[in-house]
Structure formats: structure tokens, C-alpha cells
Amino acid sequence: MNRLEKVLYTAKAHATGGRTGTSRSSDGRLEVRLSRPGSPGTGTNPEQLFAAGWSAITRSTPRSISVPKGAPSAWRLAST
């Protein structure tokens with residue numbers, strides 16, 4: 001296994017109220033209301049946030065690095 005030589009960035013966030021609460025980044029640049037998937041709530045759901053972050057990362061990183069060889073096909077679909 002490769003050893004991490006240098007940490008380039010660490011993100012921190014705090015959530016309250018679980019899946020029907022709120023979440024906020026430590027720098028205050030992100031603040032969202034949360035709702036369960038498929039619910040009539042007005043917030044986004046954690047799965048949508050994960051998908052948005054994952055797609056942003058994989059779109060700016062060469063595919064050979066972002067999608068490991070042998071990764072599940074769902075990972076490839078999420079990065080399109």
C-alpha cells in the first residue's frame with residue numbers, strides 16, 4: 001500500500017438533526033438543509049451531496065487516477 005506523503009487539503013463539516021437536519025462546512029461556504037431521499041422535504045439528501053462531490057472530483061482528475069482499475073461499474077457511471 002502506498003504511503004501518503006503530504007496532506008493537501010482537509011475538509012470539515014458538521015451535521016445536526018441527521019438526515020432531516022442541516023449540515024455546514026467549517027469555513028461557512030457550504031450550508032444545506034437535508035431531507036431523506038424521496039421525501040417531500042425541501043432539502044437535498046446526503047446521496048446527492050456525495051454524487052455532486054464525487055463527480056466534481058472525477059471530472060477534474062485523470063480517469064486513470066480517479067477510477068481505480070477493477071472498480072465497480074457504478075463508480076464509472078458516477079464520474080460521467
key: All side-chain hydrogen bond (donor to acceptor under 3.5 Å, both in side chains) counterparts of Ser39, not counting sequence neighbours   = none

query = In the single-linkage hydrophobic clustering (I, L, V, M, F, W, Y; side-chain heavy atoms under 4.5 Å), do Leu30 and Leu34 co-cluster?
reply = yes

Show me the donor-acceptor pairs within less than 3.5 Å that the side chains of residues 5-19 make with the rest of the protein, sequence neighbours left out.
{"residue": "Thr16", "atom": "OG1", "partner": "Thr22", "partner atom": "OG1", "Å": "3.1"}
{"residue": "Arg19", "atom": "NH2", "partner": "Glu47", "partner atom": "OE1", "Å": "3.2"}
{"residue": "Arg19", "atom": "NH2", "partner": "Glu47", "partner atom": "OE2", "Å": "3.1"}

inquiry  = Tell me the closest heavy-atom pair linking Asn45 and Ser35, and the distance in Å.
reply    = CB-O, 3.0 Å

